Amino acid sequence: MTRGTRRNAAAATEIADEPEPSSPAQPTVSVAGFKEEFIKFTFLQSAIQKGFMLEDEAKDIYMQLTDSDDDAGYQDFIASINGRLTFLSLKLKQTLYNLDGEWYIAFINELPDEVSQGASTLKIPQRAYFQSLIDAIAMSDNSDDGKPWVRSTDAVNLNLTQSSFTQASQTEPSSSQAPNMRLTHAEKEETLKQLLTEGWIARTPDRPGCYSVGVRTFLELGQYLTELDLPESTRDVWQKFL
């Protein structure tokens, strides 16, 4: 046997003696980890379906899902969900609503919050009316401690502005025929009912027949509100909540 042959044989023996490499470890998901993710997903689904809700209600849902006797871990739970949503520009937003002094939470998109993106279930003329209405309420000189309002008669008689119609139209696919931007008296009343139901506007406390900005508008369109030409008394109060 030549020297080179002996070296090759020795090397082959060493290789043969080496243990076979083990297969790479397969990722595993613990039962506890799966349950935690499922709880977060279920909570998010509830927040999405409701649109917005009182934080007390959200805490009840949290305690039911986690089988907890108290809400001590609630804020960490919300922070954990938001940490996973950041790259999508989504979050669970909490705010104190100055109209009733209650805390609310909603699942929102953090991208630019034009009014045209809010109340997306409405048609173009309705969304234009919604923007004109929010502008009129927010910039109204009728304000009780930072709670501006307009009378229902003024809301129904409100005319759509060209700018609000243009902005609302930009969210729709192009069409060869522009929609009619006029709303009848009855259509405005129906739109007001829908905006009330969905939380975009609210009844003004202690002022029957008047409307104020709704909690959902505060939650989802806060940036838009701060960019309006607000009366100083309103801006001073809203800056604490928006």
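Everything numeric here is computed off the predicted structure, so don't read it as measured data. Index from 1, following the sequence.
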Can you find a side-chain donor-acceptor pair between Tyr211 and Asp154 that sits under 3.5 Å?
no
Residue set satisfying side chain to side chain contact (heavy atoms under 4.5 Å, CB included) with Glu190, at least two apart, ordered chain then number -> Lys193
Could you walk me through whether Leu133 and Trp200 pass side-chain contact (heavy atoms from CB on, under 4.5 Å), step by step?
CA-CA 10 Å; Leu133 178 62; Trp200 299 105; over 6 Å; no
Are the side chains of Asp206 and Lys147 in touch, meaning some heavy atoms are under 4.5 Å apart?
no
If the condition is salt bridge (Lys or Arg N to Asp or Glu O under 4.0 Å), which residues does Arg235 pass it with, not counting sequence neighbours?
none
Could you list the residues that satisfy side-chain hydrogen bond (donor to acceptor under 3.5 Å, both in side chains) with Ser152, not counting sequence neighbours?
none
Scan residues 96-109 for pairs that pass salt bridge (charged side-chain N to carboxylate O under 4.0 Å, His left out), counting only residues two or more places apart or in two chains.
none
Using a 3.5 Å cut-off and no angle test, enumerate the donor-acceptor pairs between side-chain atoms of residues 69-79 and protein atoms at least two apart in sequence or in another chain.
{"residue": "Asp70", "atom": "OD1", "partner": "Ala72", "partner atom": "N", "Å": "3.0"}
{"residue": "Tyr74", "atom": "OH", "partner": "Glu55", "partner atom": "OE2", "Å": "2.7"}
{"residue": "Gln75", "atom": "OE1", "partner": "Gln94", "partner atom": "NE2", "Å": "3.2"}

The test is side-chain contact (heavy atoms from CB on, under 4.5 Å); show your working for Ile134 and Ile201 and say whether it passes.
CA-CA 8 Å; Ile134 292 300; Ile201 60 175; 4.1 Å; yes
Between Asn82 and Leu92 (side chain of the first, backbone of the second, donor and acceptor by atom type, cut-off under 3.5 Å), is there such a pair?
yes
Residues forming a salt bridge (Lys or Arg N to Asp or Glu O under 4.0 Å) with Arg203, sequence neighbours excluded:
none
Sequence neighbours excluded, the answer for side chain to side chain contact (heavy atoms under 4.5 Å, CB included) partners of Thr42 is Phe38, Leu65
Side chains of Leu242 and Thr95, heavy atoms from C-beta outward: is any pair under 4.5 Å?
no
Using the salt bridge (Lys or Arg N to Asp or Glu O under 4.0 Å) criterion, which residues pair with Asp144? Sequence neighbours excluded.
Arg207
List the residues meeting side chain to side chain contact (heavy atoms under 4.5 Å, CB included) with Gln45, not counting sequence neighbours, and say none if there are none.
Phe41, Ile48, Gln49
More than 12 heavy atoms of other residues, nucleotides or ligands under 6.0 Å from CG of Asp145: yes or no?
no
My understanding is that only residues two or more places apart in sequence, or in another chain, count here; which of them pass side chain to side chain contact (heavy atoms under 4.5 Å, CB included) with Thr184?
Ala186, Glu187
For the pair Phe218 and Trp238, name the ring-plane relationship: parallel under 30°, tilted 30 to 60°, perpendicular over 60°.
perpendicular
Using the test side-chain hydrogen bond (donor to acceptor under 3.5 Å, both in side chains), find all partners of Gln64 that sit at least two apart in sequence or belong to another chain.
none
Any chance you could lay out the side-chain contact (heavy atoms from CB on, under 4.5 Å) test for Leu85 and Leu44, step after step, and finish with the verdict?
CA-CA 11 Å; Leu85 296 173; Leu44 267 178; 4.2 Å; yes
Rest of the hydrophobic cluster containing Trp149 (Ile/Leu/Val/Met/Phe/Trp/Tyr, side-chain heavy atoms under 4.5 Å)?
none
Please tell me if the side chains of Leu99 and Val215 come closer than 4.5 Å, counting only heavy atoms from C-beta onward.
no
